[in-house]
Protein chains: 2
Amino acid sequence: MSANSRLTIAAHALAWIGLYQRQGHEVATSEQIAASANTNPVVIRRLLGELRRSGLVESRRGVGAGWSLARELGSMTLLDVYEAVEPGPLFAMHRTTPDQGCVVGHGIQPAMQDIYEGIEETVRHELARVTLEDVLRNVLATPR
Amino acid sequence: MSANSRLTIAAHALAWIGLYQRQGHEVATSEQIAASANTNPVVIRRLLGELRRSGLVESRRGVGAGWSLARELGSMTLLDVYEAVEPGPLFAMHRTTPDQGCVVGHGIQPAMQDIYEGIEETVRHELARVTLEDVLRNVLATPR
DNA sequence: ATTGTCGTAACAATTAGTGTTGCGACTATC
DNA sequence: GATAGTCGCAACACTAATTGTTACGACAAT
């Protein structure tokens, strides 16, 4: 399955920025976030770039530059982040077209497509129920 | 996200075997199934091997060998297939441990874990609602 | 002018999945 | 028994996606 941590890292970055801003800072740098997530600043910049395209964060350049939230954490859901950051569907079809001369080969993709769409819709619904505010609250509630 | 078609191919194989058996044949060969799915017989054997370990299919060896269903299609759900065939979780954590000295780095994994577990549970529930009988019916209902 | 940070390209490293070949093991049939 | 068809499985190449890294230009506060 997917060894894909994009949603996790994106949520981490947003929670970090949010908390940092609440502590009175204007912007957070990719280097700070990368240190917390234990990865490379460029990885963070790439991810935050996608979040910016979706209107979740803003960035400044120049000296004293960095990243800030474009909206309140409470108004961002994991679905917003997911859509900004995850390209493909949860389940994939055959990578080559099955034999269209075979009844099963011909009908399997539409059949599975229907099922998968329903499941993705459910997942989206679940993701939409969780705000980044919720995430940050849970993060802070973790016992040390 | 995941370019992972294991569940799709496994469902394809099961539907194919089921239909073939209804047409009066005892067993289906990996070569026949591979032709329908437009892939390599070894890929099919690998997948069906996992389904056998979970008790969904049986295999015979020797001349006239092949695969047959171990249970009725109506008693198999996509969840059974999913669990037989998909190893990991839907969403992954950081691949390296985040900075445990940082509040966010320390709390993010438990927080996301909770959320992800809830979502996986929902997905399992959805998968459990669909039997392979349903899949085959939808396959056959696809207009030509 | 200097400095710190983003923006982005390029490429290596890693990982998971898929495709392919080869060959031994097994068994129905002759 | 010998033959032939098919699985079982190992080994390895190929592909694609993600992640990690380096490099360097663009930009803006000082």
Side-chain angles (χ1 to χ4, degrees), chain A residues 1-10 12-13 17 20 25-35 37-53 57-68 70 82 85-98, chain B residues 1-10 12-13 17 20 25-35 37-53 57-68 70 82 85-98:
Chain A
M1 135 117 335
S2 66
N4 156 324
S5 56
R6 299 165 67 81
L7 181 58
T8 303
I9 304 285
H12 186 147
I17 299 173
Y20 196 60
H25 303 90
E26 291 243 330
V27 298
T29 70
S30 60
E31 191 160 358
Q32 295 170 317
I33 302 168
N38 192 12
T39 181
N40 192 291
V42 176
V43 174
I44 300 297
R45 293 209 284 267
R46 277 200 290 239
L47 267 176
L48 289 180
E50 298 177 44
L51 296 184
R52 181 184 46 213
R53 240 176 279 129
V57 299
E58 290 166 348
S59 67
R60 288 191 214 159
R61 311 177 68 171
V63 169
W67 301 85
S68 52
Y82 177 79
V85 137
E86 297 283 358
L90 238 34
F91 302 101
M93 286 297 147
H94 311 61
R95 48 174 33 181
T96 59
T97 308
Chain B
M1 142 120 318
S2 66
N4 156 324
S5 56
R6 298 165 67 80
L7 182 58
T8 304
I9 304 286
H12 186 146
I17 299 172
Y20 197 59
H25 304 89
E26 291 243 330
V27 298
T29 70
S30 59
E31 190 159 359
Q32 295 170 317
I33 302 167
N38 193 11
T39 180
N40 191 291
V42 176
V43 174
I44 300 297
R45 293 208 284 267
R46 277 201 289 241
L47 268 176
L48 289 180
E50 299 177 44
L51 296 184
R52 182 184 47 213
R53 239 176 280 130
V57 299
E58 290 166 348
S59 67
R60 287 190 214 161
R61 310 178 69 171
V63 169
W67 302 84
S68 53
Y82 177 78
V85 136
E86 296 282 358
L90 237 35
F91 302 102
M93 286 297 145
H94 313 63
R95 49 174 33 180
T96 59
T97 310

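We name chains A, B, ... by the order of the sequence lines, and we start the count at 1 in each one. What you see below is based on every heavy atom in this structure, not just the backbone, and it leaves out hydrogens, waters and symmetry mates. As the structure is a computational prediction, the values presented were derived from the model and not from experiment.
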(message) Distance alone, cut at 3.5 Å: any donor-acceptor contact between the side chains of Ser5(A) and Arg95(B)?
(response)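 Side chains of Ser5(A) and Arg95(B): no pair found under 3.5 Å.
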(message) Determine whether a donor-acceptor pair (N or O, by modelled atom type, separation under 3.5 Å) exists between the side chain of Thr8(A) and the backbone of Ala92(B).
(response)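 Yes; judged by distance alone, with no hydrogens or angles, the pair exists.
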Minimum-distance nucleotide (side-chain atoms of [X] versus [options]):
X	options	result
Val43(B)	dG19(C), dG8(D), dG7(C)	dG19(C)
Asn4(A)	dT18(D), dC6(C), dG19(C)	dT18(D)
Ala65(B)	dG19(C), dG20(D), dT6(D)	dT6(D)
Val63(B)	dG5(D), dC6(C), dG8(D)	dG5(D)
Arg6(A)	dG19(C), dT19(D), dA25(C)	dT19(D)
Ser5(B)	dT18(C), dC6(C), dA10(C)	dT18(C)
Arg61(A)	dT22(D), dC27(D), dG5(D)	dC27(D)
Val42(A)	dT6(D), dA9(C), dC6(C)	dA9(C)
Trp67(A)	dG7(C), dG8(D), dG5(D)	dG7(C)

(request) For the pair His12(B) and His94(A), name the ring-plane relationship: parallel under 30°, tilted 30 to 60°, perpendicular over 60°. (result)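 Aromatic pair His12(B)/His94(A) classed perpendicular.
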(request) Evaluate the ring planes of Phe91(B) and Tyr82(A), with Trp represented by its six-membered ring, and classify them as parallel (under 30°), tilted (30 to 60°) or perpendicular (over 60°). (result)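 Perpendicular: the ring planes of Phe91(B) and Tyr82(A) meet at over 60°.
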Atom-pair distance ([atom1] on [X]; [atom2] on [N]), nearest Å:
X	N	atom1	atom2	value
His94(B)	dT18(D)	NE2	C1'	15 Å
Arg45(B)	dA25(C)	CZ	P	16 Å
Ile33(A)	dT19(D)	CD1	P	16 Å
Glu26(A)	dA29(D)	CD	P	12 Å
Asn40(A)	dA10(C)	CG	P	18 Å
Glu58(A)	dC27(D)	CD	C1'	17 Å
Ile44(A)	dT8(C)	CD1	C1'	16 Å
Leu51(A)	dG7(C)	CG	P	12 Å

Does [X] make a side-chain N or O approach to OP1 or OP2 of [N] shorter than 4.0 Å?
X	N	answer
Thr29(A)	dT5(C)	no
Ser30(A)	dT5(C)	no
Ser59(B)	dC7(D)	no

(request) Of all the heavy-atom pairs spanning Val85(B) and Leu51(B), show the shortest one and how long it is. (result)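 Heavy atoms of Val85(B) and Leu51(B) come nearest at CG2-CD2, 4.0 Å.
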(request) Hey, which sits more toward the 5' end of DNA chain D by its nearest nucleotide, Pro41(A) or Glu31(B)? (result)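 It is Glu31(B), whose closest nucleotide lies nearer the 5' terminus.
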(message) Using heavy-atom distances to pick each residue's nearest nucleotide on DNA chain D, tell me which of Gly64(A) and Leu47(A) is more 5'.
(response)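 Its nucleotide being nearer the 5' end, the pick is Leu47(A).
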(message) Which is more 5' along DNA chain C, the nucleotide nearest Arg52(A) or the one nearest Arg46(A)? Just name the residue.
(response)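 Looking at the nearest nucleotide for each, Arg52(A) comes out on the 5' side.
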(message) Is it the case that dG20(D) (base atoms only) and Arg95(B) (side chain only) share a donor and an acceptor within less than 3.5 Å, ignoring hydrogens and angles?
(response)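 Such a pair does not exist between side chain and base.
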(message) Quick check for you: to the nearest 0.5 Å, what is the distance between Ile9(A) atom CD1 and Leu47(A) atom CG?
(response)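 Rounded to the nearest 0.5 Å, the CD1-CG separation comes out at 7.5 Å.
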(request) May I ask you to say what Arg60(A) touches in the nucleic acid, namely base, sugar-phosphate or nothing, with a heavy-atom cut-off under 4.0 Å? (result)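 Sugar-phosphate, no base atom in range.
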